[in-house]
**Student:** 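Here it is: the structure, laid out below.
Values in this document were obtained by computation on a predicted structure and should not be read as measured data.
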Amino acid sequence: MPIRIYNTLSRKKELLQPLEENHVKLYVCGITSYDYCHIGHARSALVFDMAVRYLRYRGYQVTFIRNFTDIDDKIIARAAEQGVESGILAQRFIDEFYTDMDALGILRPDLEPRATEHIPEMIELVQELIDKGLAYPSGGDVYYRVGRFGEYGRLSGRSLDDMQAGARIEVNAQKENPMDFALWKQAKPGEPKWESPWGEGRPGWHIECSAMSRKYLGETFDIHGGGKDLIFPHHENEIAQSSGASGKPFANLWMHHGFVTIKDEKMSKSLGNFLTIRDVLRQYPAEVLRLFIFSTQYRNPLDFTEAALQDARTSLDRIYECLATIAGLPEGTDNGNTIVSKKDRNKLQNLKSRFEQAMDNDFNTAQALGFLFDGVKVMNKVARMLPEHPVHEDLALLRTAGEDLRELAGILGVATRDAVQYVVEKKEKLLATIDLSEEEINSLIIRRNAARENKDWAASDAVRDQLLAHNIELHDGPEGTTWDVK
RNA sequence: GGCGACGUAGCCAAGUGGUAAGGCAAUGGUCUGCAAAACCAUUAUUCAGCGGUUCAAAUCCGCUCGUCGCCUCCA
């Protein structure tokens, strides 16, 4: 089964056909490191983490590159504010980024190049563009001559005329055309700078990705990704630079994920409505956040609400409890017949193929999770119906399905912990919040059971209410009374 | 103003030509002295509205309304 991915360039889902047999080369735009990362950054990291894990699961070799922008106007401005060197500030937030990524369980990319470590490559590329007449030095800066690149605007679906008609265009007398963008910026006093043929300065924002992707992946590679907000101008400009220089296609497929919103508005620094990754992780485990992120397909907007996170938490418990149930299945026997209906058996046996079918369709994690939960439902049902000594066949079916569930959820970075331990730990955690000792609880239960023996329901219920006031719930089962923290 | 996306049950969300996955919540059942927990079951004749194409549309086309995004740094 082929994998289809929505390509921003063609506005269609296209078959993934790597240039090299079975080897996918992926470049993703990483962060500009000047502040803590928010949930939007988490979505970006999580989406591509999922994509890479899935492609590898499907047998592809993946070379995954994600860069750091460690030199840029905002870094310089923030560093100046704080009175530190921009390189120090950039490194500090790269460290903070790693803290967040590790907490989220994100796999490290194969390569994480930094802009400042590729200045010579960028200068070389800028020179090539000048030599081709696609760029021009002007007053210590170098600009890209967008009018010379016929494809300009194709990715973002706009023409130069459209953009100039309605846009607020910065006034810059050094540019031939207001839409021309900087490849190289002359250093102002006190700013970080590098030697170049055009004088001391620093690279423009877009050139780093063109230079670094070319160095590590070649002139043309398979997939380039990032957030939707990078389509214009960043990725449009990258294409202009890279294709302009090479005369070849740049990335074959462009993958762009949607935003995280709050009250249906884009989460962003400028609106001040952002939550940092660590803010959220203080309240919810990473797996819950992952489940939330993957509850919708990556291209759609995703609205962040407490309720949605709570839902995700509940459904994560559901997966773990199902796995724990399967881990605790009794011994089997050879005598007897299966109790599993053909329909249920098929659902469990097809868990993988259903999951793959969803994921092959532009990484439709929402549908994939739907199939997984459908599997959980069937597993619970079958486990519940099992007799005291189930036949080996049924046990094997459940255990295999449980293993499949674990493996598939693992692609989303979910249900990666030991299920039995998860359930135990969850209970222990709740236990720590109560203010009664086990002895006190047990003696109250004994007292209640005595009352129940005597059918003194009022006294019995009084004890139950008393315990409930301490958040302790009683479960009267066939084996006696057990308790749990609510 | 230009370009684009989206609008599916109380909430979230799949489904992109063949007759509505899944999760949360709710309700019912099993269990229980009654409960709780757990599990199971049920829950949209209908997909923003109005037209059109088609044997057949939530899915394609047009218009209207609504929400959001990009056009400036942004994941």
**Student:** Among C70(B), A35(B), G69(B), which nucleotide has an atom closest to any side-chain atom of F232(A)?
**Tutor:**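 Of the options given, the side chain of F232(A) lies nearest C70(B).
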
**Student:** Which listed nucleotide (A38(B), A36(B), G22(B)) is nearest to the side chain of H475(A)?
**Tutor:**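 Closest of the options to the side chain of H475(A): A36(B).
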
**Student:** Which of the following nucleotides, G33(B), G2(B), C40(B), is nearest to the side chain of R158(A)?
**Tutor:**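 It is G2(B).
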
**Student:** Using the closest heavy atom to pick a nucleotide of RNA chain B for each, name whichever of E265(A) or R43(A) lands nearer the 5' end.
**Tutor:**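 Closest to the 5' end, via its nearest nucleotide, is E265(A).
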
**Student:** Rounding to an integer number of Å, can you tell me how far L369(A) CG sits from G15(B) P?
**Tutor:**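 Going from L369(A) (CG) to G15(B) (P), I get 13 Å.
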
**Student:** Under 6.0 Å between ring centres, would you say that holds for F304(A) and F292(A)?
**Tutor:**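 So the answer is yes for these two rings.
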
**Student:** Counting only side-chain heavy atoms from C-beta out, which of A14(B), A35(B), U30(B) sits nearest to N364(A)?
**Tutor:**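 Looking only at heavy atoms from C-beta outward on N364(A), the closest nucleotide is A14(B).
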
**Student:** What's the CG-P distance between N300(A) and U67(B), to the nearest Å?
**Tutor:** 19 Å

**Student:** Suppose we define a pair by two distances each less than 3.5 Å, Watson-Crick or G-U wobble; what does C34(B) pair with here?
**Tutor:**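 Base partner found: none.
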
**Student:** Answer yes if the side chains of K13(A) and N361(A) hold a donor-acceptor pair under 3.5 Å, and no otherwise.
**Tutor:**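 A donor-acceptor contact under 3.5 Å links the two side chains.
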
**Student:** Check every atom of C73(B), A75(B), G23(B) against the side chain of L230(A) and return the nucleotide holding the closest atom.
**Tutor:**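 So the side chain of L230(A) is nearest to A75(B).
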
**Student:** Ignoring hydrogens and angles, are the base of G33(B) and the side chain of S460(A) linked by a donor-acceptor pair under 3.5 Å?
**Tutor:** yes

**Student:** What is the nucleic acid contact for Q310(A), judged by heavy atoms within less than 4.0 Å: base, sugar-phosphate only, or nothing?
**Tutor:** nothing

**Student:** Contact class for M385(A) vs. all strands (heavy atom < 4.0 Å): base, sugar-phosphate, or nothing?
**Tutor:** nothing

**Student:** Classify the nucleic acid contact of D476(A) as base, sugar-phosphate or nothing, counting any heavy atom under 4.0 Å across all strands shown.
**Tutor:**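 Answer is base: heavy atoms of D476(A) come under 4.0 Å of a base.
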
**Student:** Please give, in whole Å, the distance from G7(B) P to Q297(A) CD?
**Tutor:** 12 Å

**Student:** Using a heavy-atom cut-off of under 4.0 Å over every strand shown, decide if R448(A) touches base, sugar-phosphate, or nothing.
**Tutor:** base

**Student:** Out of G23(B), U67(B), C39(B), which has the shortest distance to the side chain of R384(A)?
**Tutor:**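 Comparing G23(B), U67(B), C39(B) against the side chain of R384(A), the answer is C39(B).
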
**Student:** Of the options C73(B), A14(B), C40(B), whose atoms approach the side-chain atoms of Q367(A) most closely?
**Tutor:**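 Closest nucleotide to the Q367(A) side chain: A14(B).
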
**Student:** Separation of L316(A) atom CG from C12(B) atom P, in whole Å?
**Tutor:**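 Computing the L316(A):CG to C12(B):P distance gives 22 Å.
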
**Student:** Base, sugar-phosphate, or nothing for K228(A), non-hydrogen atoms under 4.0 angstrom?
**Tutor:**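 Since no nucleic acid heavy atom lies under 4.0 Å of K228(A), the category is nothing.
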
**Student:** Looking for any heavy atom pair under 4.0 Å, which part of the strands does H38(A) touch: base, sugar-phosphate only, or nothing?
**Tutor:**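 The residue H38(A) makes base contact.
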
**Student:** Do R299(A) and A5(B) have a side chain to base donor-acceptor pair shorter than 3.5 Å?
**Tutor:**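 By the distance-only test, no, there is no pair.
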
**Student:** Could you tell me how far U53(B) sits from C12(B) if I compare only their P atoms? Round to whole Å.
**Tutor:**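 That atom pair is separated by 35 Å.
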
**Student:** From the list A75(B), G69(B), A13(B), which nucleotide is the closest neighbour of the side chain of T32(A)?
**Tutor:** A75(B)

**Student:** Contact class for R318(A) vs. all strands (heavy atom < 4.0 Å): base, sugar-phosphate, or nothing?
**Tutor:** sugar-phosphate

**Student:** Choosing from C24(B), A41(B), A13(B), which nucleotide comes nearest the side chain of A366(A)?
**Tutor:** A13(B)

**Student:** Rounded to whole angstrom, note down the P distance from U42(B) over to C3(B).
**Tutor:** 48 Å

**Student:** Taking the six-membered ring for Trp, are H256(A) and H235(A) closer than 6.0 Å centroid to centroid?
**Tutor:** yes

**Student:** Please determine, for A14(B), whether a Watson-Crick or G-U wobble partner exists with both distances under 3.5 Å, and give it or none.
**Tutor:** none

**Student:** Please report, rounded to the nearest Å, how far the P atom of C12(B) is from the CD1 atom of I293(A).
**Tutor:** 17 Å

**Student:** Calculate the interatomic distance between W483(A) atom CH2 and A35(B) atom C1'; express it in whole Å.
**Tutor:**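 Atom CH2 in W483(A) sits about 19 Å away from atom C1' in A35(B).
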
**Student:** Would R278(A) pass as a cation-pi partner of Y36(A), given that its NZ or CZ must be under 6.0 Å from the six-membered ring centre and within 45 degrees of the axis?
**Tutor:**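 No - R278(A) does not lie over the ring of Y36(A) by the 6.0 Å and 45° rule.
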
**Student:** For G4(B), give the paired nucleotide (Watson-Crick: N1-N3 plus N6-O4 or O6-N4; G-U: N1-O2 and O6-N3; both under 3.5 Å), or none.
**Tutor:** C68(B)

**Student:** Hey, does K455(A) reach any base, or is it just sugar-phosphate, or nothing, if we go heavy atoms under 4.0 Å?
**Tutor:**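 No contact.
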
**Student:** Report the residue (T296(A) or G30(A)) whose heavy-atom-nearest nucleotide on RNA chain B is the more 5′ of the two.
**Tutor:**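 This one resolves to T296(A).
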
**Student:** Measuring centre to centre across the rings, with the benzene-like ring taken for any Trp, is F97(A) within less than 6.0 Å of F68(A)?
**Tutor:** yes

**Student:** Does C68(B) have OP1 or OP2 under 4.0 Å away from a side-chain N or O of K266(A)?
**Tutor:**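 It does not, given that no N or O in the side chain of K266(A) lies less than 4.0 Å from OP1 or OP2 of C68(B).
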
**Student:** Just call it for G227(A): base, sugar-phosphate, or nothing, with non-hydrogen atoms closer than 4.0 Å on any strand.
**Tutor:** sugar-phosphate

**Student:** So if I take every side-chain heavy atom of F259(A) and compare against A14(B), G69(B), C40(B), which nucleotide ends up nearest?
**Tutor:**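 When the side chain of F259(A) is considered, G69(B) is the closest of A14(B), G69(B), C40(B).
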
**Student:** Using whole Å, report how far CZ of R452(A) lies from P of A36(B).
**Tutor:**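 It works out to 14 Å between those atoms.
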
**Student:** Are F371(A) and F355(A) an aromatic pair, judged by ring center distance below 6.0 Å?
**Tutor:**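 Aromatic pair excluded; centres sit 6.0 Å or further apart.
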
**Student:** Between C1' on C24(B) and CG on D317(A), what's the gap in Å once rounded to a whole number?
**Tutor:**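 From D317(A) CG to C24(B) C1': 13 Å.
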
**Student:** Classify the nucleic acid contact of T305(A) as base, sugar-phosphate or nothing, counting any heavy atom under 4.0 Å across all strands shown.
**Tutor:** nothing

**Student:** At under 4.0 Å between heavy atoms, what does D73(A) touch on the DNA or RNA strands: base, sugar-phosphate, or nothing?
**Tutor:** nothing

**Student:** Does the separation of the ring centres of Y298(A) and H257(A) fall below 6.0 angstrom?
**Tutor:**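 No, they do not, as the ring centres are separated by 6.0 Å or more.
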
**Student:** Using a heavy-atom cut-off of under 4.0 Å over every strand shown, decide if V260(A) touches base, sugar-phosphate, or nothing.
**Tutor:** base

**Student:** With a non-hydrogen cut-off below 4.0 angstrom, is K269(A) in contact with a base, only sugar-phosphate, or nothing?
**Tutor:**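 Nothing: the residue K269(A), judged by heavy atoms under 4.0 Å, touches no strand.
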
**Student:** Please work out if D461(A) contacts a base, only the sugar-phosphate, or nothing of the nucleic acid, heavy-atom cut-off 4.0 Å.
**Tutor:** base

**Student:** Do Y34(A) and F93(A) make the cut of ring centroids closer than 6.0 angstrom?
**Tutor:**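 Not close enough - the centres of the two rings lie 6.0 Å or further apart.
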
